[in-house]
Amino acid sequence: MIDLAKRKLSFNSISVHAGKKRKDQYGSHLPPIYQTSTFVFDDVEQGSLAFAGENEAHIYSRLGNPTVEYLERAICELETYGILGADIYQGMAFGSGMAAITTGIISVATGGHVIAQDALYGCTSQFLFEEAPKMGISTSFVDTSDIFLLEMELKKYPETKLVYIESIANPTMAISDIEAISELAHDHGALVLVDNTFASPYHIQPLTLGADIVAHSTTKYLGGHGSVIGGALVLKKEMVEDCHLNTYRKNLGGISGPMDAWLLVNGLKTLALRMRQHSENAMKVAQSLESHHSVKKVWYPGLESHPQHDLASQIMSNGFGGVLSFELKGGFKAGKELMNKVELCTLAVSLGTVDTLIQHPASMTHSVMNEELRLKAGITDGLVRLAVGIEDAEDIIYDLQQALG
Ligand code: LCS
């Protein structure tokens with residue numbers, strides 16, 4: 001028998017077993033789905049103590065639910081893999097990636113300033129640009145792949161509470177130096193939140209690079225099958241307390257439901273297996289597009305032509321992820337024709353599903369962004385985004401080639 005306590009399991013094995021705590025009372029192999037809104041107290045004393053936080057009894061599923069907690073332990077284990085003493089961290093599950101992100105930003109940055117990456121998922125950018133100012137949060141946007149620009153911005157806004165980046169930017173695929181950014185932000189008294197949706201902890205673990213908070217749209221790679229909308233945060237328990245995150249989540253109400261949490265736990269078991277295939281395929285597809293005569297430019301961190309390829313090689317393990325974007329020489333007109341002609345690839349937003357999805361950021365995922373900011377961040381009208389699935393790479397390439405004519 002292997003003494004598991006002595007053996008450091010691989011990320012692959014951890015992803016299969018993450019979240020397990022103890023045997024369920026009926027010995028169920030998979031976690032039970034506690035599909036209940038409320039929980040029964042033994043007596044008034046137990047209920048009152050539960051509300052006072054003086055025992056571990058469950059109260060009501062907006063406050064906490066055993067299936068959701070299983071998921072929270074699992075995501076926390078994956079994001080803190082390799083950190084000694086990782087039990088100081090906590091995972092928090094939400095009903096969507098946007099619920100996780102907005103709850104995180106509100107709890108950390110209210111009354112202060114946020115410096116955000118210029119290229120971000122459209123709704124995150126829209127929230128920071130349009131809604132957050134009404135809540136007393138101001139935001140400036142910079143290209144965080146240039147550390148000097150960030151330093152200038154931190155000097156300009158000494159009241160900065162949060163630096164907000166995506167580990168791989170949606171959809172420009174820009175990579176920021178999380179370690180250097182964290183050091184700089186901490187020197188200026190700001191926290192760093194990294195949305196790790198595109199990379200997943202299989203490729204990048206921002207907390208090991210000095211970031212304070214990791215956010216996820218678990219809708220994507222963590223769920224893996226496109227069957228759930230969900231989100232998560234992972235951060236130190238101490239920070240959860242200091243920022244009243246449990247209270248914000250309870251009162252803003254964006255927690256995950258138990259059924260969605262259960263689907264996500266099952267998805268996580270194949271995370272490593274799927275990511276390996278997604279990234280192997282994406283590399284092949286990126287190379288084939290780069291050498292195609294109708295393609296103007298491909299953005300994929302695994303290509304030497306990517307502006308931060310060296311940095312990506314340093315901070316990413318096991319490959320470069322499953323998403324890429326490209327522009328055709330014929331611009332939007334040619335891109336539109338391609339997106340209408342693909343047969344194996346599916347025209348749909350989202351990513352991280354087992355099948356390949358293609359979409360047009362300027363008119364779809366990033367259409368809600370301020371237009372000037374969108375164009376400045378490099379999200380041009382001609383950009384096409386491809387979330388490469390786990391089909392055989394040759395079949396995906398064949399489909400793209402036939403659609404390119
Ligand atoms: N963060 C990133 C990097 C995302 O790509 C998304 C969604 C979110 C957060 C929000 O997560 P949700 O609330 O949808 O779970 N991205 C999408 C995309 O690129 N296409 O459709 C949704």
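Both ligands and their constituent atoms are indexed starting at 1 by order of listing.
- With hydrogens and angles left out, the side-chain atoms of Asn65 and Glu69 include no donor and acceptor closer than 3.5 Å.
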Under the side-chain contact (heavy atoms from CB on, under 4.5 Å) criterion, do Thr218 and Val228 qualify, and how do the steps go?
CA-CA 8 Å; Thr218 55; Val228 184; 5.6 Å; no

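- Residues that satisfy the side-chain hydrogen bond (donor to acceptor under 3.5 Å, both in side chains) test with Ser10, not counting sequence neighbours, are Ser13.
- Geometrically, Arg274 does not engage Tyr221 in a cation-pi contact defined by less than 6.0 Å to the ring centre and at most 45° from the axis.
- Within 4.0 Å of ligand 1, contacts by protein heavy atoms are made from Ser96, Gly97, Met98, Ile101, Tyr121, Glu166, Asn170, Asp195, Thr197, Phe198, Ser217, Thr219, Lys220, Gly230, Val349, Ser350, Leu351, Thr365, Arg385.
- With values rounded to the nearest 0.5 angstrom, Asn318 atom CG is found 4.0 Å from Tyr202 atom OH.
- We find that Lys236 and Asp87 are not joined by a salt bridge, their nearest charged nitrogen and carboxylate oxygen being 4.0 Å or further apart.
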